Every structure is written in structure tokens, then in C-alpha cells.
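Order of appearance sets the numbers: ligands from 1, and atoms from 1 within every ligand. Just so we're clear, the structure is a prediction, and the values are computed from it rather than from any experiment.
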Amino acid sequence: MGKKIAFALDVQDLNTAYAILEEIKGLDIIIKIGYVLFIQGGEKLIKDIKNSGFEIFLDLKLHDIPNTVFNGVYAAGKLGVDYLTIHTLGGVDMIKKAVEAKKESNIKLLGVTILTSHGKEYEEYIGTRYSLKELAIKLAQTGIEAGLDGIVCSAEEVKDIKNKIKKDFLAVVPGIRLAGGESDDQTRISTPQKAIQSGADILVIGRPILNSKNKKETILQILSEI
Ligand code: C5P
């Protein structure tokens with residue numbers, strides 16, 4: 001698979017979202033929608049994005065009892081979503097039910113391991129004997145073995161995770177910043193080229209595009225760099 005960009009459409013309201021989608025129409029990218037827009041736009045928003053020719057990445061980070069997650073993944077499959085996230089911390093039975101639910105759809109199921117916002121105090125909080133990095137790798141491995149199509153991880157971890165896991169999977173990497181740009185609240189950041197060199201397959205990019213003067217030009221520039 002060629003390297004792809006997932007544009008995180010992290011805006012607060014539907015009017016802004018639709019205006020941006022119009023501005024970037026025709027580009028070969030994935031649109032990532034989180035629950036802020038999904039709660040407001042629901043099925044219609046997903047269908048509109050699909051009909052504009054984009055692939056759709058629904059970032060709901062599902063984490064619940066196995067049966068509920070099964071039903072959530074199944075419903076997303078019926079909607080025609082291309083990528084969907086679940087939390088690997090939900091346990092191996094939950095992951096397996098999620099994998100079972102996507103069987104009749106084209107969904108690529110992605111596992112989130114440890115959120116990048118967590119620091120060292122989280123190890124104590126959940127009472128693990130692993131470091132956060134070890135835990136992220138362990139969860140990634142368990143997730144892929146249970147049938148996930150990919151893992152969301154930082155550019156720092158991607159090399160280790162790719163080396164550890166022998167199966168083919170998609171490494172989806174957020175925290176991307178353009179050379180010389182703002183880092184915002186992201187700490188473990190990487191440029192698009194560096195992330196690709198480390199093994200990223202899909203780059204998740206939000207604010208560097210959202211805050212740029214010409215979103216279409218910025219996306220085209222990143223596409224040309226990868
Ligand atoms: O604006 P920015 O490029 O930082 O956006 C990154 C996107 O990736 C956001 O939608 C954020 O929720 C998501 N994300 C992240 N770190 C993770 C998982 C997802 O930044 N560990």
C-alpha cells in the first residue's frame with residue numbers, strides 16, 4: 001500500500017467541516033472524523049464525505065464490553081466506514097469480538113494502545129509492572145495477533161513495534177509536524193518524511209493543515225514529500 005494522509009478534521013461544527021471538505025475536494029486522502037463531529041453529523045456526514053470521494057476514518061476509540069463493541073463495529077461497517085479505532089486496553093476478548101464484527105465489511109480496524117497524553121504516573125495508576133513503552137508494544141502485539149489491521153502509535157514507537165511484530169499491519173502515526181512549524185500540545189512529534197522512514201503507513205495530521213493559509217496546498221505539499 002502507498003503511504004497515505006489521514007486529515008484529522010478536528011473542527012467544532014458541521015458548517016466549518018463542510019466548508020473545508022469543499023475546499024479540499026478531489027484530493028486522494030482519508031478524512032478522520034472524531035466523536036465531536038460524529039455526534040452532530042451522524043450518518044449523513046459520513047455518507048456526504050464518502051460521496052465526495054474520500055475514504056473515511058471514524059475515530060471513536062471504542063472501549064466497552066465485548067458485545068457492545070461488536071455491535072458498534074458492525075454498525076460502522078454498515079455505514080461504509082473505511083477505518084475505525086478501538087482501545088486495545090479493552091482486552092483480548094473485546095478485540096476478538098470487534099474483529100468478528102467487521103468480517104462482512106471493508107473496515108480496517110485500528111487499535112489504540114496507550115494515549116500519548118499519559119505520562120509515567122499512568123503506570124502507577126493502572127498498576128502495571130511494565131513501562132508505558134513496553135505496555136504499548138505488548139498491547140500492539142496482542143491486538144495484531146487477535147486480528148486487528150493496524151495500530152495507532154507515535155513516530156517514536158513505530159520502529160520498535162514494526163520490528164517486534166512479524167505480521168503485516170498498518171502503522172498509523174499522529175503527532176506529525178511540518179519542519180519549522182508549531183508543535184501545539186503534541187510532544188512526541190515527527191516530520192512526515194521521518195515518520196515514513198521509521199515505518200509509518202498512514203500519517204494523521206490535523207492542525208498543521210487546519211491552521212495553514214491554504215489547506216489544499218499544504219496537503220499537496222505533504223503528499224509530494226512522502
Ligand atoms: O492536530 P494534530 O495533528 O495534533 O492532530 C492529531 C490527531 O490525532 C488528533 O485528532 C488526535 O485526537 C489524534 N491522536 C493523537 N494522539 C494519539 C491518538 C490520536 O494525537 N495517540
Between D13 and T16, does the side-chain hydrogen bond (donor to acceptor under 3.5 Å, both in side chains) criterion hold? Intermediate values first, please.
CA-CA 6 Å; D13 66 276; T16 311; 2.8 Å; yes
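Shortest contact from atom 20 (O) of ligand 1 to any protein heavy atom: Q186 NE2, 2.8 Å. Looking only at protein heavy atoms, the nearest one to atom 21 (N) of ligand 1 is T116 OG1, 3.1 Å. Ranking protein heavy atoms by distance to atom 3 (O) of ligand 1, first place goes to G206 N, 2.8 Å.
Relative to atom 15 (C) of ligand 1, the option among S154, A136, P174 with the closest non-hydrogen atom is P174.
The closest donor-acceptor contact from the side chain of K4 to the backbone of I202 lies at 3.5 Å or more, if one exists at all. A donor-acceptor pair is defined here as one N or O able to donate and one able to accept, closer than 3.5 Å; no such pair exists between the side chain of K32 and the backbone of D59. Here the side chain of K3 pairs a donor or acceptor atom with the backbone of A200 at under 3.5 angstrom. At distances below 3.5 Å, not a single donor-acceptor pair connects side-chain atoms of D82 with backbone N or O atoms of I107. Remark: side-chain polar atoms of S190 are paired, donor with acceptor, to backbone N or O of A195 under 3.5 angstrom. With T88 contributing its side chain and V112 its backbone, the two residues share a donor-acceptor pair below 3.5 Å. Not a single donor-acceptor pair under 3.5 Å links the side chain of E225 to the backbone N or O of P192.
Not a single N or O atom of K61, backbone or side chain, sits closer than 3.5 Å to an N or O atom of ligand 1. For ligand 1, the polar-atom distance check against K32 finds a nitrogen or oxygen pair separated by under 3.5 Å. Of the polar atoms of I114, none of the N or O atoms is found under 3.5 Å from an N or O of ligand 1, judged by distance alone.
Taking every non-hydrogen atom of P208 and a distance limit under 4.0 Å, the qualifying atoms of ligand 1 come out as 3 (O). Counting atoms of ligand 1 from 1 in the listed order, those under 4.0 Å from a heavy atom of R207 are 1 (O), 2 (P), 3 (O), 4 (O). Atoms of ligand 1 found under 4.0 Å from any heavy atom of R177, numbered from 1 in the order shown, are 1 (O), 2 (P), 3 (O), 4 (O). Atoms of ligand 1 found under 4.0 Å from any heavy atom of D10, numbered from 1 in the order shown, are 9 (C), 10 (O). Listed by number with element, the atoms of ligand 1 under 4.0 angstrom from any heavy atom of V204 are 7 (C), 8 (O).
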